[in-house]
Asker: 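Pasting a structure below so you can have a look.
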Amino acid sequence: MGAALEMARLAASHDDVPIGCVVVVGPDVLGAGENRREVDADPTAHAEIIALRAAAGRRGRWRLEDAVVYVTLEPCVMCAGALLNARVARLVIGAPDEKAGAVGSRYNVLADPRLLHEVPTTYDVRAEESAALLREFFSTRRPGS
């Protein structure tokens, strides 16, 4: 989760919401991404999407069935769908996202037996650190919240 936290800090450095993601197979990081929606003016430039694209590009294929994905904030519906489509082996989440989380908080896309694939998930890994990055980021942008 440490590398994902570093990616989250990178996102904050260019005024994007501090969310980071890494895709790992064994000891190797295949892909890493940070939120880039603001800097790229792209609504799909979430950390998970960027990391999955990098990992698939490095692999030369879209299936990442042996990959573990670490993300600092619970994925949204779009990112949960991308994780399903990539067929990742496991997801590790830092902080929950009570407002838009699609892996347990609002929905549980990754554990829906009606879908083609399910992704085992581990929650609350370095959750306080992940949440603190978000609190700090928003305290300077939305005082009083």
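Index from 1, following the sequence. Below, all heavy atoms of this structure are taken into account, side chains as well, without hydrogens, waters or symmetry copies. These numbers were taken from a predicted model, which means no experiment stands behind them.
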Asker: Roughly how far, to the nearest 0.5 Å, is the CG atom of Leu133 from the CZ atom of Arg126?
Answerer: 10.0 Å

Asker: Could you check whether atom OH of Tyr123 has more than 12 heavy atoms from other residues, nucleotides or ligands sitting under 6.0 Å from it?
Answerer: yes

Asker: To the nearest 0.5 Å, what is the distance between CD (Glu34) and NE2 (His14)?
Answerer: 3.5 Å

Asker: In the single-linkage hydrophobic clustering (I, L, V, M, F, W, Y; side-chain heavy atoms under 4.5 Å), do Val109 and Leu52 co-cluster?
Answerer: yes

Asker: Regarding His117 and Glu65, is there a side-chain donor-to-acceptor distance under 3.5 Å anywhere?
Answerer: no

Asker: Rounded to the nearest 0.5 Å, how far apart are SG of Cys21 and CD1 of Ile93?
Answerer: 10.5 Å

Asker: Residues in side-chain hydrogen bond (donor to acceptor under 3.5 Å, both in side chains) with Arg135, at least two apart?
Answerer: Glu128

Asker: Report the distance from atom CD1 of Ile50 to atom CG of Asn35, rounding to the nearest 0.5 Å.
Answerer: 7.0 Å

Asker: Only one of Val69, Leu110, Ile49, Val103 forms a side-chain contact (heavy atoms from CB on, under 4.5 Å) with Pro75, so which one is it?
Answerer: Val103

Asker: Do you reckon Val88 sits in the same ILVMFWY cluster as Tyr107, going by side-chain contacts under 4.5 Å, direct or chained?
Answerer: yes

Asker: One thing to verify: whether Arg37 and Asp15 come together as a salt bridge, which I'm taking to mean a side-chain N less than 4.0 angstrom from a carboxylate O.
Answerer: no

Asker: Report the distance from atom CD of Glu98 to atom OG of Ser105, rounding to the nearest 0.5 Å.
Answerer: 4.0 Å

Asker: Only pairs at least two apart or in different chains count here, so list each salt bridge (charged side-chain N to carboxylate O under 4.0 Å, His left out) that has a residue in residues 82-97.
Answerer: none

Asker: Out of curiosity, does Met7 fall in the hydrophobic cluster containing Val23 (side-chain heavy atoms, cut-off under 4.5 Å, transitive links)?
Answerer: no

Asker: Charged N to carboxylate O below 4.0 Å: is that the case for Arg36 and Glu38?
Answerer: no

Asker: From Leu73 CG over to Ile19 CD1, what is the distance, rounded to the nearest 0.5 angstrom?
Answerer: 4.5 Å

